Every structure is written in C-alpha cells, then in structure tokens.
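Everything quoted here is computed from the prediction, not taken from an experiment. Quick note on labels: first sequence line is chain A, next is B, and so on, each numbered from 1.
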Amino acid sequence: QTEKREATEETVTIVFKHGKLAGGPEALRAILARFEAENPDIKVKDEVLPASTDEQHQFYVINLEAGSPEFDVLSMDVIWVEEFARAGWLRPLDGIFPPEEREDFFAGPISAVTYQGSVYAIPWYIDAGLLYYRKDLLEKYSMPVPRTWQELVSTAKLIMEKEKDIYGFIWQGKQYEGLVCNVMEYMWSRGGGLIDEDGRFNALKKENIEALQFIYDLIHTYRVSPPLVTTAMEETTRHIFGSGRAIFMRNWPYAWKIFEREGSAVKGKVGVTVLPAFEGYSSAATLGGWQLGVNRYSPHPEAAERLVRYLTSYEVQKEMSIKMGYRPPRRSLYEDEELRRAQPFIVELYPVFERARPRPETPYYMMITQVLQPEFSAAITGLKSPEEALRSIQRQVEYILKLEER
Amino acid sequence: MSRTLKKALNWLVLCVVVLWSVAPFVWQIITSFKPSAELATLPPLLPASPTLDNYISVFSDRPFGRIILNSLVVASLTTVLSILVGSLAAFGLAVLKPRGGYLFLGFVLTVSMFPPISTVSPLYIIIRELGLRDTVLALIITYTTFSLPLTIWILTNFFRSIPRELYLSARVDGCTSFQIFYRIFLPVAAPGLFATAILVFIFAWNEFLFALTFTSTVRARTVPVEIALFPGVHEMPWAEIAAASVIVTVPVVLLVFLFQRRIIEGLTAGAVKR
Amino acid sequence: MKDRREGYRFLLPAAVVLLFVTVYPLFYVFWLSLHRRHLIFDISRFSGLENYAFLLQDERFLRALWNTVYFTVLSVGLELVLGMVVALSLQRAFSGRGIVRALVLLPWALPTVVSARMWEWMYNTDFGIINYLLGVDVNWLGSPFWALNAAVLMDVWKTTPFVALILMAGLQVIPRELYRSAMVDGAGSLYIFWRITLPLLKPVILVVLLFRTIDAFRVFDAIYVLTGGGPANTTETLSIYAYKVLFQTLQFGYGSTIAMVVFLCVGFISVFYVRLLSR
Amino acid sequence: MTKVELKGIRKSFDGTEVIKGVDLLIEKGEFFTFLGPSGCGKSTLLNIVAGLEEPTTGRIYFDDRDVTDLPPPQRDVAMVFQSYALYPHMSVFENIAFPLRVRKESHHVVEEEVRKVAALVGLERHLAKRPSQLSGGERQRVALGRAIVRRPRVFLMDEPLSNLDARLRITMRTELKRLHRELSITTIYVTHDQEEAMSLSDRVAVFHGGRIQQCGPAIELYRRPANLFVARFIGSPPMNVMEARLVSRMPPVVDVKGIRVELARDREFKDRMLAGIRPEDVELSSTPSPSMVEAVVDVAEPLGVYQLVEIVYNGSRLMVRTELEDIRAGQRVYFKLIPERIHLFDPQTERRL
Amino acid sequence: MTKVELKGIRKSFDGTEVIKGVDLLIEKGEFFTFLGPSGCGKSTLLNIVAGLEEPTTGRIYFDDRDVTDLPPPQRDVAMVFQSYALYPHMSVFENIAFPLRVRKESHHVVEEEVRKVAALVGLERHLAKRPSQLSGGERQRVALGRAIVRRPRVFLMDEPLSNLDARLRITMRTELKRLHRELSITTIYVTHDQEEAMSLSDRVAVFHGGRIQQCGPAIELYRRPANLFVARFIGSPPMNVMEARLVSRMPPVVDVKGIRVELARDREFKDRMLAGIRPEDVELSSTPSPSMVEAVVDVAEPLGVYQLVEIVYNGSRLMVRTELEDIRAGQRVYFKLIPERIHLFDPQTERRL
Ligand SMILES: Nc1ncnc2c1ncn2[C@@H]1O[C@H](COP(=O)(O)OP(=O)(O)OP(=O)(O)O)[C@@H](O)[C@H]1O
Ligand SMILES: Nc1ncnc2c1ncn2[C@@H]1O[C@H](COP(=O)(O)OP(=O)(O)OP(=O)(O)O)[C@@H](O)[C@H]1O
Ligand SMILES: [Mg+2]
Ligand SMILES: [Mg+2]
C-alpha cells in the first residue's frame, strides 16, 4: 500500500543471504544487476554464508530467533523450510506462488516447501544423488552399468583386481548431513525409510538394518569402499574420482561439469546414472537443493517477494542452468531447446529428479539429524551394530518428538 | 667429555623442539602460496609456481579487511578496558588491602575457572535482550569480563612486588589513593601492565566460542570465526584458508617476537610466585 | 583503616562486571537447565530434574564425557612430560635463547582456530603432509581410533610450550646454589633431578596441572574446528555436545544441563587441585 | 622546630598488641632514635607518628596540638625509608620535586627549591638521572633530598642506612649528622643498629616487646643500662653476663664465678644477682700479678688496633677486648675486673640494681 | 688435612677476564680467607677450587695431585654458601644426611653420623624441623653440619655469615673458629668483610680486580698494607689518606697538609707521597700542648668506649678515633700524628714505600 509508493520514491536495499555459488560471485551479480535495472527502486546486497550447511543453519536460526530484520531473502536447504515455517519465521508465499504454477515443479521440492497447506518458499535449484562411473573402465572389462548394489560390488571387485591402485566405490561417509543423504538412499532402495505410512517415526526395522549392514559391508567385508569414505565429503570424493582413482562414485550433479573441463584426468571417461537399488526394489535418490523464502521480519517484504519471484522465474533458472550448471526445479525447462543444447547432461537427469525423495519432512528434522549423523557414522564404522544404532536413534528421536505433546 | 656430550644432547633437544613448534606453521605458509591446482599433489613440497592469488582472493572475495578491523577493535578495546578495570581492582587488593580482599581474590580465581560453555547460553539471551547481538560491543563486554580474572591476578602480583614504601612515601608527600594509583603505581607497574595487555590482546584476538555465538554478520564477526566458517562450495578452500591464517597470525607472531620476555613474565606471574 | 575502606571503591567496577557477566549467568544457566526450553518453537516449560535424568541414559552424553576425560588425561599427561623435557633443556642460558623461546611460544599464541585448520590440513588423508612424510595412508581424522588421538596430538603441540615456559620459570626460582651444593655433595644429575628439582618444582607442577586440566576439560574450539565432533561422535567433547544442542537447534534447556555438568566437573577438578596445593 | 609528644600509644594488629603503651616527649630540634631488635614495633610507632597507621588508643601532639586524627599530608612530616622508596620512573629532579608538585607549587618555586636542596645533599650533577643509575649512597641522598625539600616540621627516618654497605654507612652517618645540625629539624630515627643509634642521636629510646625499655642520651644507656636487655643490646661485642653472689655486705663483696670483687658502698645489692661486664671493662695482662686471676685464651680474634679474646677461667667464658697485641689462642693470661664498671641486675626482674 | 695449591689460575666469562692469574699455596689445616670487595672474583675462584667452574688456564693441586679435571663429587670438598643452600623440602636431619645418602651409606651409619654432627653444631633439638622453621643462626648451623658430616678434605665457605645480623655474626664467627680448631680441616673462606677476615683467618689474601693484592696474616695486612687499596680496605673506619711532601731528607721530614713530622731514617721516600693515617693512630687532646696542632671538631660520634671524631684543621678533614669522652662538636681540640704509624705510598703506583 503505502510501501509501494515509498518504494517508487526512494530505493530500498534488500539483503539476500545465500551460500557460496559455483562460478564465482560475478555470475550471480550479473543476474542481480539485471533485477536492479528492471526494478530501479530496489537495490540488492548479496551476502555469502559459511561453507558448511550446519553453520548456515545456525546462522539463520540464531538470527531469525532474535527477530533479525537484517536480511530479507534467504536461501534454504530443503530440510529447513518446515522447521522455519513452524517457527513462524517465514512469510507465506501462497500469494506469489499460486498452485497452478507449483504444478510445473517437481513434486519433491514442492512438498518440502509446503507446511500445513501453505508454501513458504519457492524452489530455486534442485539436487539429487547420482552414480558416477568410469565409462572407459566398464567398457574395457565389458561390464554393464550396475543396476543393483550387488552388481556394483561385483563389478567393482572385478575391476579392482585387474587395475592397480584404484578404489571401487566412493561416497560421502563423514559424520555430517551428507551421510544422512547417502544412508537414506540405501534404506529407500531397500524398501525402508524412517517414517511409516501413518507418519510415525520408525527407524528400527529389518529393511533399515539390512541397508546399514550393506553399507558397513561395502567398507569392511567387500572392501570396495576404502575406509577414507568414513571421513569423506563431496569434494574429497570428487578429487579422488577426478584424478582417476575410483571406479564408482556417489555424488551430486555438480561434479560433472568439473570432470568435463579441459585438463581433467577423466574428461570424456565419466558416465552418470541413477543410483542402484537392492534386488527387487526401485532406485531412490535423496532430494537436495535450495529454496528461496522471505524473512518474516523483513522491513521490505514486498521488494523481497519481487526478488524471490525474479530469481525463481523461468528465465533466471534457465540462465543459472546454462551458465552455472544449476539444475532447475521446473519440469518445463527440461523441454527447453536452448537448455537441451547447452546442458544435455542436466536434461538427462530428469528421471532422477522425478524420483528424488525428500528426507523426513518434519519441523524437528535438524534435531533428528543430530541424532542420525553420529549413529549412522557409528554403524558404518563398526562402532555399533546397525541394530544398536537404529534402536538408539528410535529412543532419542522419541524423546525429541515428545516436545510436540503437551 | 661428558660435559660436551650433555651440551650436544641439549642442542639436539633444542633443535627438535624448535622444529616441532615451527614446522606446522611453516607448512601453512607454504600452502598459502600454492595455486589450488597444486594442492592435491604432494611431492613437490614447495609450490612449483608460487602465487599470491590466495592472498588476493581472501580480500577480494570476502570482506576480510572489515573482519580484521572488527578483531582489532574488539581486541584493543578489550585490552584497554580490562587493564583499566583490572588495575583499579588490583591496586585496591594489593595496596589498600581492604578487609576480605583475599575472599575477593579467591572469587576472581574461581571465576577464571568458569567454563565459557557454561555461561554462553544465558549470556546469549541477555545480549539478545539488550539488543547487542552481532555488535562488537557484546564481544568487548564479555571478553573484558573473562579476561578480568587474569588481569587482576597478574597485576595484583605486580603491584605487590612494588615496595609498599612507595605507597607510604607518596601518602606522606600528600597524594590521595587515586593519585598514588595513577601517578606512582601505574607508571611503575608499566612493564606488568604491558605484559598483561599483550596477554589480554592475544586472548581477545583468538577467542572463538563467544564470537561464534554472538556475531552473525561481517558487522561484528572476528577473525577466528571467519576462518572457522570460511565459505566454500562443497569443500574447504585450503590454500585460501592458509593465506587467511597467515594474515591473521601476523599480529600475534609480531607480538610474540617483540615481547616474548614480557609475555612469559605475565604468564608466569600468576603461576610461579606465591 | 581508611585505606581499607577506600579499597572497596577500587574493587567496585571489577566486582560489578564479574557479577553481572559471569555469576548471574551461572545462576541463569542452572535455572535454564531445569526447563524443557526450545527457542525455535517458543516452547518453555519447567521440567525439574527431567533433563538431568535423561542425561544419565543419554549415550551421547556418556560418550562425550568419556571423550573429554580421555582427551584431558592423555593430553595433560603428555604435555607435562614433554614440557618438563623442554623446560630442562631450555633452562640453561645460551645465546639466541630469546628467539628460541619466541619460536617455542608461537604455537601457544596462535589462534586455536588457526591451528586447528592447520592440523586439519596436515592430517588430510590424501594431501596431508603427515601421511606423506610418514609414508602411510592413515585416515587420521576419519578413523574413530585416530581422530581423538589426533586431537590430543594437536593439543600437545599447542600447549606444551605453555607448560614448558611455566615450568622453566619455576626452575629459575630454584636457587642455583642448591644444585651446586648437591653437586659438591656428590650427587649425579639424575639424583639431583629426582631428589631436588622435582620436589621443589611440585607446587609449580600442580599449578600447571590445574590450569591445563581445566583448560583441556572445557576444550571447545580446537576440536570443534578440527573434526566437528566426528567421526561417529568419537571426538565430541562435553563442550561441543553442549554447544551443538544449544546453538544448532536452540534447545536451551537440555543444552544448559550439559553446560551445568561441565561446570560441576571443572569445579571438582579445581577443588581437587587446590586441596593438593594447599597441603 | 616542633615538639612531638606521644601519650599512651597502643596499637594492635588483628588482636595482637604490637605497641603496648608508649609515652614520649621529643624536644624541638632533637635527634631522637627508636632503637630495638627486628619486629619490636619501631616502624609501627613511626608510622603512627606519620599518620600512616592509626593508634588503637593514645594521642599524638605536635607542639601541643592534637594531630592524632590528621591524615599524613596535614601533619607536615617527611619520611625516609630503608628502601628509599624512590619513584623509579622519575628522574632525580622529579623525585625531589614530587612533594612540591603534589602541593601544586609553581614551576618557578619547584625549580628553585629542588636546586637548592640538590646542592645541599650534593646531587647537583645527577638531577637528570633515574634512581636506577645511582649508587646506593646517591639514592640515599635523593631520599633525603625529597624529605628536606618540604621543610617539614618533623623528619621521620626508618632505618635509612641499613641497605648501605658498612663503609658507606659510616660516611652517610656523618653526613646525616651534619645535615641535622644545619637544618635543626626535629628528627625521629629508627634503627636496630646500636652503633648507629649511639653515634647519631641526642637521645635514644630502646624498644623491646612493644615497650620502651630505657630512654636517654646514648652514652647514658651505655654507662647505666636500666635492665639486662638494654645492657646486652648496647655495646659490641655484647656485655658478658654471669651469675654473682653477695658474700659480704660490709664492705660489699660479690663473688663472680669465684672472683671476689669489692664494690662501692652506695650500691644496691641482692643475695643472688647477675653481673654484667663489658668486654672492654676487663683488664688483661700477659704477665702474672697478685691482684689478677689466671685464665686461658680459647679464641683470639685480632682486629687491628685491638683483639677480641675469649678467655676461660674456672669453667666460665669471658669475652675480653684488649689492645695487647701478643695474645694467642691457648696462651695463659691474667685478668682483673674493674669494680666500678660491673653492672648488677636483679635476676628476676632483670632490672639494674 | 690437605694442602691446596693454585697455579696460574685465570678465568674469563664471555671474553672478560675475571681472575687474572692467581698463584696460592694453602697449607694443611690452615684457615685461609679470600677478602675483597664485591665482584672481585672471590666466589669464582672458590668455585674453581670446588670444581663448579673450570679455570680458563691454570691448575689446581690437592696434596700435589692435579685435580683440575675432576668433577666436584670426586674432589671431596664441602661447601657452605652465603644463602646456605639448604634443601627447603627436607628436614634438618635429611639436609645433614644428604651427602651420606648420596654416597648410599647404610641407615645405621647415617643415623649415627648425623646425630654426632648435630650435637657438634648444637642442632639436636631441631632435627625434625624444616629449614623455614629455623632462625638465621640455626640455618647457618645446618649448612655447617651438612658440610662437616662428610669429613671432607677441604671446607669451602662463601660468605657464610653475611646473611646474619651483626650480633649473631660475632657469635657465629667465634663458633666457626672453634670448629676449625677442633676439626683441623683446611678451610678456604670468602668474605668482603675485613673484620671477619681478620678475626677468623690464619692468613688472608686480599683480592682486587681479579688479582691478589697482598697475602699474609691479618695483622700483617693491618700493619704493613702493601698498597693503598689494602690500606684503605683493612681497618674501620678507613684510613685517612692525605697528600704529603718531603721537606728535608736528613733528617727525613714530611709535610702532611702543613703538619711537619720527622720520620725514621730507614724508610724510603719520594718528593710527593700519599700519607695514610689510621683514625686510631692520631693522638687527640682537649688541652693545648706545644707539640700538638689545633683543630676544630666538626662531627663527634660517641660509640661507647670510644668516639669517632671528624676534626678540621687547615681546611683538611681528619677522622680520629679517641677514647676521650668529653669531646663535642664545635669544640677546639689538639692533635699529633704518631710518626712510626704513618704509612707512605707512591702516588703513581699506589705501592707502599
Ligand atoms: N600491617 C600489619 N598487620 C599485621 N601485623 C603487622 C603489620 N605491620 C606490622 N605488623 C607486626 O607488628 C610487629 C612490629 O612490626 P614493625 O614493622 O613495627 O617492626 P620493626 O621494629 O620495624 O622491625 P624491623 O626492624 O624488622 O623493621 C611485627 O611483629 C609485625 O609482624
Ligand atoms: N657465570 C658467569 N657468567 C658471566 N660472568 C660472571 C659469571 N659468574 C661471575 N661473573 C662475573 O665475574 C665477576 C666476579 O664474580 P664473583 O661472583 O666471583 O664475585 P665475588 O667476588 O664473589 O663478589 P660478591 O662479593 O658480590 O659475591 C663479576 O663481575 C661477575 O659479574
Ligand atoms: Mg621496621
Ligand atoms: Mg661471591
């Protein structure tokens, strides 16, 4: 109302918080500059958050809890939106993100931004776990791309015996959020999971035990995964794979572009596919990606909403895909000719994203994951048996969820 | 002769000790000059094509200058405040000897043992309520307080070592207590003040827990937090971290080299006398 | 007498600051620890000793407690022994002693965060200098066995100089005449060390132990930055656990309970040493 | 010149009484010394006069005016300490000027006064130096200068010479004495060195256990010590003390460990007494003589002009000071006590008889 | 009993020579003292004898055996330090027992020896105490006991009395002397106190600037100081030194600041000399006499048996020691120099003439 008029009279500055983006600060700056050109009454200041998502989360929590009006637009991991919405820190965006438009988005991210019927953020870009493999090696030993975990193990073992100094399968096993993503993929692809049909939290079940056991076996029984995976994060594994020292790798899509760069040791030798599943079950990938929302305490909500709209618009998402390699959450973009030409790789991932599953959708996810991370870590390093770990998870999470009851 | 053998052994231990102390830091310096492409290959140890890029990008990609400024402001103001309040108290304790002074000193010592983690949550709430979140002021206040026990303890020892006759003499010459404090004791204890100041400065420059908790933006973030929270996509930019580390350690290294005598004096003032 | 009364005025500013910023929060944290308090969802209700009860069956807490004790005992023990060796060898005067002392002081003076980052990089499995120099392929920070020991090593590196310097100062207070006298009386260096040096150094050793034990027990930044508490919480100390609970999910009730426990433990340690010292 | 009077001064620290009732009258311009062993309360009493400590009971008068409740600056006294208490961060000039600066005297006055005083104590050439650059004697002089510059009513000096070496102490002693003569300011001097007390003072008060044992001119204390403590404390080497019995009243004859001595009649006696004999009051000879007693030299310490000799007779030891040069340990010697120089004390009260 | 011989000892610290060539022969059982002002290298030389320092050049012989390269434990010496160097964490018993424990003597022997020594130094009742619970003199005795218990070949003592107060020093001096007589162990004693040196020693070596200035029996040094340094250093208060001119050779008459004195003929003379006159070698009188010179008393310090008096004549000052009792400052007095007690020195070389 009056704000609109004010906005036209003086420029407002809105602050946009986000994690560091691939391609350096300039690419985003260019996009924002265009936004500023289109909206002369708005200036955008973008501020980069720390590397680790845990620290980013801590930043938001501490500031939002204190009602900080110091930033307007925030980028959020999929697992935070419900928590922030439940805490009442986000502005509902139903008005600028109508149900019709949501149709065009993948189901996973939409469900992640929806809390009690309203949307609190708009998906910005999307991620999901993938299997990277060495095309050249599989061809050399004429092995097919594995469709099941067991196949992956046997293929890896076979090649490892022939090739010297090569790891079989590397993934992210350090105690952090990435580990949860990895473990969930095994559980889902075994028919398990943490939340039952009725929405109850139920970790302790046969499928989950078997999945965890399998992960443990990857390292300690089949020995296709080196022990270093228990401390590896994305870049650790990407470096190893990128220097040609591994056959298979689980990672996010970002790695592809790096492998295909000039001078890469594996340029042209890398293939990408959906993650394997257990025999008789279907493959699953953990949904990742970032959403944009508006701070409830923002002094300029209207301007902030405009920025969110802009950044999640068809055009910007397309540009970010083409120029920076980010995967758009809009299905229709995968039909876009320009994008198909520029990033054929992204387009191929469509089926993966279609099937990507969100981690447990609960406002308490961050507390729960603090339980999951160490317990999973303990299970894959053999400090605890899978059953012990899952039992412990169940007990602790129940104590957390008791908060809800009053 | 055994004397020479003993000397040789001494030298050996000495070399090992020095090497052991310095080597990690030297490695950090070397790393800071490596282009990121060379990080992942270990031999050679030295960068094949040393570069200043890491140093440049620390400042160009990040508001690192501002953060150093924050740290400088926090550390210097903390030092000044802590010395001010601490030397007053120490003078009171050591020279005027009020009844119950020992209790107070005991209280101060007890406080010095408080684990910061035990008070960080209420302090966070208090600071938030006072609207001081993410300000250097919040850090200055907490640092001053947490360095006070050290300051009081060391300065009390220093003041005690000043002959009481100086106090009596100045009294007879007509000074008030406060005049004696700043005209006689402060100047005479200058070396002690200086030693303490350096310790407090180093403490404030290095503190992490409170800084991590009470600050959230470049407005008040300090150097250790910045280094701990160095942003990167998916992984640590090791070379940049190394460069940043080298930059922020420079003041500390300078202090140590210029004033090692005083630092050691200050450190040991509390532990060894008595 | 007038002096004495005047003395209180000089103590006043310090007393006010200390009371407000350390003592009051301590009572506050105790109060918090009696609550289920969750800042994010604005939940706050009095729960008595419920948190403490849960603590006793919280495996993660027990694990953290054990880690903390292990870290404290091992690092302080090593630092004392190494510190003594360094102190004895640096004790005698030689030219360049100032520089050597400054170099030795360096690890102590570096920001903990920086040294944690340094060691994290050196410990790196693939590109770390340590594995390279040793010619091994150990996953220092990833293996549950090595991680805590790696943290201990870092701490030893960082604080041995401090211990050595204090011990050195303690050595310097021992009159040289005592050694000379013992030498003239026919005692060898080892005998002198055990019968003269060590007993005379005892008070200083106790003070060092007190400082170091307390510091090690409340360790936070070093390990927080080095490993974040992983792998599998094998390096999670009480402080880190408390911090995560407090500030990653803003559970101020339970977090305060852990913080309270840290405080109590440190209290016990101090009382123990102070007893020894005053004997 | 100021008269200082102490009336019924007592002082307790934490319940233990350190000064147990002192009454004193110090005359205008007098050089008065508190003499006593360490810890007897000399400094405490001096501090009470200065106003640095409050007496528990008792009053202090300067020229008949009660100053007990005045703080130090208003009493207008100057004090010199054993450690000199020079301000190490100030030059000699500033040290001497300090009391004037505190009083906010004009620059001109300060400059002039300091120069005058510096000339008086012989420090003109050192005004720009720091105390750490001075020798012990020069530091001493700075401390004196700082006291003099105020032209105080009373000088208080707390063992100002005891940090100096023996040789310098003698020189400074002479200088102090000369200064006092020139300035004629009432001076209270504290020392535990009897030689210093004797050489400097008009009158000396000997303290022991918080009480004045005797008060009077130094030579008086030496000649007629009021009790055993004073007798032993004054004189070096200290007086020999031996048991004595009265063997006859008329004429009075005492037996000192087997030696009979006839004493003057106007003295008091008891049956059992303690006889005090100063080493310098024994006549020694290396040749026998009928009036003398034979003894053997146990230890002989030649000290230049004279020797200290410890002789043994009859199982008793006696320290003797002699100018004879040919005395050696083991030698047979002959000695005699000088009757009028024998001091007699009551063995119970230890008072002089 | 051991004979100690030093041959051509020199010692440098960091390039500066502290001992500049010392040759000495210390006889069996002798009590020998190194006397000299602070910093002259006495302690350094003693440490060299103990083996705690190596000489830069020179050799040390014990009973003609070269011990220069032996470490301290093998030299079998015992040392007493100025600070006593008692082990604060051990009881008196353990302190004394320490040298025996090091030698791993049986418990029985240790017990017996320690008790014997404790009795000798009078510490029987204090054996269970810690050093901090003892008085200065008792600590001193513990240090002595610890040295004695080993029955060493040589005792080395580095200013063992200088931490004691004046009175106790005199007592301990006598005791030391007696102990030495009883044990007859060769003793090297270091002090800067000339009185101590004179009273204790068989022979004294006066050090200055790293060289021996004079060596001989104490009384010899007092009577015939070899140079101005020794003359001034020995005797208290120190010798007055004044310029003197030879006015006639036959008979030899010198003019000391206007006073003409005829000297014995067998002495050496120069035209210009320095005359040294000890304060005790001036005859003073309060009544005029033709052979005497008039002077005025500037300062008078009564010290019991005698007084120290500073007199002024002809613009010169002279310190005089007198037993006259009625001398006061400002008074007119008459004095005379005793010709045979005037010491003459060459003003260039400062050697005795
Ligand atoms: N501030 C004080 N508090 C408690 N006791 C004190 C204090 N000042 C002095 N005393 C005690 O009073 C006694 C007398 O002390 P004082 O300093 O007057 O002795 P002193 O005669 O000057 O001795 P010294 O010759 O050693 O200087 C001592 O036993 C001392 O311990
Ligand atoms: N270890 C050393 N290193 C360097 N110089 C030394 C050392 N020991 C002594 N000196 C120097 O040698 C000189 C003589 O010292 P020494 O201790 O022998 O003197 P001293 O005659 O015993 O004096 P004092 O009476 O003060 O004890 C001094 O100038 C001293 O500074
Ligand atoms: Mg005193
Ligand atoms: Mg010496």
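With B:V256 as the partner, the side chain to side chain contact (heavy atoms under 4.5 Å, CB included) test is satisfied by one option alone out of C:V104, C:L103, C:L105: C:L105.
You'll find the side chain of B:P149 reaches within 4.5 Å of the side chain of C:L18, heavy atoms only. In this structure the side chain of B:R128 reaches within 4.5 angstrom of the side chain of C:L39, judged on heavy atoms. Inter-residue side-chain proximity for C:W119 and B:P24 is flagged as met; some heavy-atom pair is nearer than 4.5 Å. Two residues are said to be in side-chain contact when any heavy atoms from C-beta on lie closer than 4.5 Å; B:L209 and C:Y224 fail this criterion. Counting only heavy atoms from C-beta outward, the side chains of C:E120 and B:W238 approach each other to under 4.5 Å. Residues C:P25 and B:L123 are in side-chain contact: their nearest non-hydrogen atoms beyond the backbone lie under 4.5 Å apart. Side-chain atoms of C:M118 and B:W27, non-hydrogen and from C-beta on, never get closer than 4.5 Å to each other. Residues C:R101 and B:R261 are in side-chain contact: their nearest non-hydrogen atoms beyond the backbone lie under 4.5 Å apart.
Distance check, rounded to the nearest 0.5 Å: CD1 of B:I30 to CD1 of C:I129 gives 7.0 Å. Here CD1 of B:I125 is found 5.0 Å from CZ of C:F252. Values are rounded to the nearest 0.5 Å.
Applying the ring pair (Phe, Tyr, Trp, His ring centres under 6.0 Å) test to C:Y241 and every residue at least two apart in sequence or in another chain returns nothing. In this structure, the salt bridge (Lys or Arg N to Asp or Glu O under 4.0 Å) partners of C:K244, at least two apart in sequence or on a different chain, are C:E236.
Looking at B:I263, only its side chain comes within 4.5 Å of chain C, counting heavy atoms on both sides. With a 4.5 Å cut-off on non-hydrogen atoms, B:F104 touches chain C through its side chain but not through its backbone. Only the side chain of B:I202 comes within less than 4.5 Å of a heavy atom in chain C; its backbone stays farther off.
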Go through the steps for B:M113 and C:L210 under the test side-chain contact (heavy atoms from CB on, under 4.5 Å), then give the verdict. CA-CA 10 Å; B:M113 290 167 189; C:L210 170 67; 3.7 Å; yes
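Here the side chain of B:W20 pairs no donor or acceptor atom with the backbone of C:W157 at under 3.5 angstrom. A side-chain donor-acceptor contact under 3.5 Å links C:R117 to the backbone of B:I227.
Ring geometry for C:F10 against B:F181 counts as perpendicular: the plane angle is over 60°, on a 0 to 90° scale with 30° as the lower cut.
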